[in-house]
A.B. asks: 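Here it is: the structure, laid out below.
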Amino acid sequence: PIGRRWRSALAGAAIAWLMAGVAGAAAPIAREPIDPLTVADADFARHRDPALWQGLSVTRLAVEEGPVSWRLFRVANDARRDGPLWVVTHDNENATFAAMLVALRSYGGVAIVVDSGANDDDDSARFNWFTGGRPIDPNRHFFDRNPGYVGAVLGDLGTGVKRLIVALHTNEPDFDPGLTGCGGRRGQGGGNISIRLCSQRWHPVAAPDARWPFDDDDSLALVPFLAARTQASAICGPALVAARYNVMFERVSASDGSLSNYAVQHGLAYVNVETRERGNDPAGIAAARDRLVAMIDGVMERCGDVPPVRLASR
């Protein structure tokens with residue numbers, strides 16, 4: 001019953017707008033099937049095991065919107081296409097790609113991964129540089145005035161399948177000391193999000209005990225709610241608080257272009273799962289991936305409207 005609470009959010013005007021408005025106004029999307037075992041990209045190179053790709057198909061998407069060129073990967077679970085829409089917007093957050101593969105094989109659905117280039121070992125890979133000007137943060141580009149990009153990322157919501165959007169992120173430790181902190185606490189790091197951060201926008205509810213994966217302040221689920229409504233209206237938020245998660249409620253008024261803001265303003269069901277960045281070496285990626293997957297399991301158990309299918313081996 002909890003998992004069905006978001007169904008109405010994907011009905012009516014929102015889906016009609018996505019199918020007619022975005023698809024009708026946007027530039028065409030070029031599609032090219034690719035072999036994940038041979039594509040020249042660092043994320044795929046770290047996952048060359050054929051077993052990881054069994055039952056999955058990969059398509060490269062390309063969209064030209066004015067002077068801006070977007071390149072994305074669409075990865076689909078061919079046997080279980082009715083699962084969530086998994087979204088990875090930052091190419092430099094490498095554990096999110098690894099967690100996406102686990103989640104997609106476990107729960108089905110479709111994943112969209114923004115491709116900033118073949119190499120992703122520094123912060124420049126966080127941005128799209130194919131703009132003819134200043135680089136663009138892919139998670140600050142979700143506005144109605146960018147229908148090509150929005151349609152490429154969210155197009156699978158317009159197929160008649162009800163989907164929960166699950167965004168995956170890693171973040172820097174703690175939060176920037178220039179940001180407001182709860183109870184006068186000031187951050188000691190460089191991140192933009194932490195369960196210890198609070199402001200008019202950020203409303204944290206910390207887990208009552210520091211059990212893994214919530215034994216650091218940077219592992220959390222983020223759920224948006226409209227400023228005109230109560231915090232309890234955030235899809236999946238109350239359920240995750242009851243499950244003793246670190247939950248960050250985001251109060252949304254004017255959009256900052258993020259997917260969370262876009263989703264709640266368009267009546268789409270959205271949860272963002274975040275953990276601390278632990279480096280690009282295999283051990284660091286695996287550690288962050290495992291925390292993301294553990295949180296995803298809880299989100300899907302409480303908020304996902306698909307059967308709780310699990311893989312025997314991860």
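Only a predicted model underlies this, so the values are computations on that prediction, with no experimental measurement involved.
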A.B. asks: Let's go through R278 and D216 carefully: what are the C-alpha distance in whole Å and the side-chain angles of both, what is the deciding distance for salt bridge (Lys or Arg N to Asp or Glu O under 4.0 Å) to 0.1 Å, and is it a yes or a no?
C.D. replies: CA-CA 12 Å; R278 288 172 164 81; D216 70 67; 2.7 Å; yes
A.B. asks: Can you tell me which residue among E277, R46, R289 is in a side chain to side chain donor-acceptor pair (under 3.5 Å) with N94?
C.D. replies: R46
A.B. asks: Indicate if I165 and L226 have the same hydrophobic cluster label, given that clusters are the connected sets of ILVMFWY residues with side-chain heavy-atom separations under 4.5 angstrom.
C.D. replies: no
A.B. asks: Would you mind reporting whether L268 and L154 have side-chain heavy atoms less than 4.5 Å apart?
C.D. replies: yes
A.B. asks: Ignoring hydrogens and angles, state whether a donor on the side chain of D78 or S57 is under 3.5 Å from an acceptor on the partner side chain.
C.D. replies: yes
A.B. asks: Counting neighbours of CD on Q188 that are heavy atoms of other residues, nucleotides or ligands and sit closer than 6.0 Å, is the number greater than 12?
C.D. replies: no
A.B. asks: If only atom types and distance count, is the side chain of R302 paired as donor or acceptor with the main-chain N or O of G298 below 3.5 Å?
C.D. replies: yes
A.B. asks: Counting C-beta onward and ignoring hydrogens, is there a side-chain heavy-atom pair between Y245 and V247 closer than 4.5 Å?
C.D. replies: yes
A.B. asks: Ignoring hydrogens, what is the shortest heavy-atom contact between F142 and S255? Give both atom names and the distance.
C.D. replies: O-OG, 4.4 Å
A.B. asks: Enter the distance from L72:CG to T89:OG1 here, rounded to the nearest 0.5 Å.
C.D. replies: 10.5 Å
A.B. asks: Where is the tightest heavy-atom contact between V205 and I195, given as atom of each residue plus distance?
C.D. replies: O-CD1, 3.7 Å
A.B. asks: Tell me the closest heavy-atom pair linking R140 and S258, and the distance in Å.
C.D. replies: NH1-CB, 3.4 Å
A.B. asks: Hydrophobic clustering (ILVMFWY, side-chain heavy atoms < 4.5 Å, transitive) - are L168 and V264 grouped together?
C.D. replies: no
A.B. asks: In terms of hydrophobic clustering (I, L, V, M, F, W, Y; side-chain heavy atoms under 4.5 Å; direct or indirect links), are W70 and L61 co-clustered?
C.D. replies: yes
A.B. asks: Could you check whether atom CG of D137 has more than 12 heavy atoms from other residues, nucleotides or ligands sitting under 6.0 Å from it?
C.D. replies: yes
A.B. asks: So how far is it from E274 CD to T96 OG1, rounded to the nearest 0.5 Å?
C.D. replies: 10.5 Å
A.B. asks: Quick one, F73 and I34 - any side-chain contact, counting heavy atoms below 4.5 Å?
C.D. replies: yes
A.B. asks: So among L220, V241, D218, which one has a side chain to side chain contact (heavy atoms under 4.5 Å, CB included) with N246?
C.D. replies: L220
A.B. asks: Begin from the C-alpha positions of R80 and Y107 and carry the test side-chain contact (heavy atoms from CB on, under 4.5 Å) through to its verdict.
C.D. replies: CA-CA 8 Å; R80 299 280 319 288; Y107 297 107; 5.8 Å; no
A.B. asks: Taking the side chain as everything from C-beta on, heavy atoms only, tell me whether R126 gets closer than 4.5 Å to P135.
C.D. replies: no
A.B. asks: State, to 0.1 Å, how close N261 and V252 come at their nearest heavy-atom pair, and which atoms those are.
C.D. replies: ND2-CG2, 3.5 Å
A.B. asks: At their closest point, which heavy atom of A51 faces which heavy atom of R105, and how far apart are they?
C.D. replies: O-NH2, 3.8 Å
A.B. asks: Measure the CD-CD1 distance between E64 and I29 for me, rounded to the nearest 0.5 Å.
C.D. replies: 11.5 Å
A.B. asks: Tell me, do D115 and D43 make a side-chain contact under 4.5 Å, heavy atoms counted?
C.D. replies: no
A.B. asks: Could you give the distance from CZ (R163) to CG (D156), rounded to the nearest 0.5 Å?
C.D. replies: 5.0 Å
A.B. asks: Treating Ile, Leu, Val, Met, Phe, Trp and Tyr as nodes and any side-chain heavy-atom pair under 4.5 angstrom as an edge, say whether L104 and L52 lie in one connected cluster.
C.D. replies: yes
A.B. asks: Would you confirm whether S116, through its side chain, and F127, through its main-chain N or O, come within 3.5 Å as a donor-acceptor pair?
C.D. replies: yes
A.B. asks: Aromatic ring centroids of Y149 and F143 under 6.0 Å?
C.D. replies: no
A.B. asks: Nearest 0.5 Å please: distance from the CH2 atom of W202 over to the OG1 atom of T180.
C.D. replies: 12.5 Å
A.B. asks: Determine whether more than 12 heavy atoms belonging to other residues, nucleotides or ligands lie under 6.0 Å from atom CZ of R229.
C.D. replies: no
A.B. asks: I want to check something: taking the side chain as every heavy atom from C-beta on, are E65 and P147 in contact at a cut-off of under 4.5 Å?
C.D. replies: yes
A.B. asks: D217 side chain to R196 main-chain N or O, any donor-acceptor pair under 3.5 Å?
C.D. replies: no
A.B. asks: Given salt bridge (Lys or Arg N to Asp or Glu O under 4.0 Å), test D256 with R201 step by step and report yes or no.
C.D. replies: CA-CA 11 Å; D256 64 355; R201 176 182 179 183; 2.7 Å; yes
A.B. asks: Within a strict 4.5 Å, meaning less than it, do heavy atoms of the W86 and V75 side chains meet?
C.D. replies: no
A.B. asks: Quick one: do C236 and V271 satisfy side-chain contact (heavy atoms from CB on, under 4.5 Å)? Show the steps, please.
C.D. replies: CA-CA 7 Å; C236 198; V271 178; 3.9 Å; yes
A.B. asks: Counting only heavy atoms not in R211, do more than 12 fall under 6.0 Å of its CZ?
C.D. replies: yes
A.B. asks: Which atom pair, heavy atoms only, marks the closest approach of R48 to A45?
C.D. replies: CG-O, 3.3 Å
A.B. asks: State, yes or no, whether a side-chain contact exists between L56 and N77 at a heavy-atom distance under 4.5 Å.
C.D. replies: yes
A.B. asks: Is the side chain of Q265 donor-acceptor paired with the backbone N or O of S253 at a distance under 3.5 Å, no angle test?
C.D. replies: yes
A.B. asks: Ignoring hydrogens and angles, state whether a donor on the side chain of N139 or Y262 is under 3.5 Å from an acceptor on the partner side chain.
C.D. replies: no
A.B. asks: So if you build clusters from Ile, Leu, Val, Met, Phe, Trp, Tyr with side-chain heavy-atom gaps below 4.5 Å, do I112 and V68 land together?
C.D. replies: yes
A.B. asks: Rounded to the nearest 0.5 Å, how far does NE2 of H141 lie from OG1 of T131?
C.D. replies: 9.5 Å
A.B. asks: Apply side-chain contact (heavy atoms from CB on, under 4.5 Å) to the pair F97 and I285, showing each step before the final yes or no.
C.D. replies: CA-CA 10 Å; F97 187 95; I285 290 175; over 6 Å; no
A.B. asks: Take the angle between the ring planes of F225 and F249 and call it parallel below 30°, perpendicular above 60°, tilted in between.
C.D. replies: perpendicular
A.B. asks: Apply side-chain contact (heavy atoms from CB on, under 4.5 Å) to the pair T275 and T170, showing each step before the final yes or no.
C.D. replies: CA-CA 5 Å; T275 194; T170 58; 4.1 Å; yes
A.B. asks: Donor-acceptor check, side chain of W212 to backbone of R291, threshold 3.5 angstrom: yes or no?
C.D. replies: no
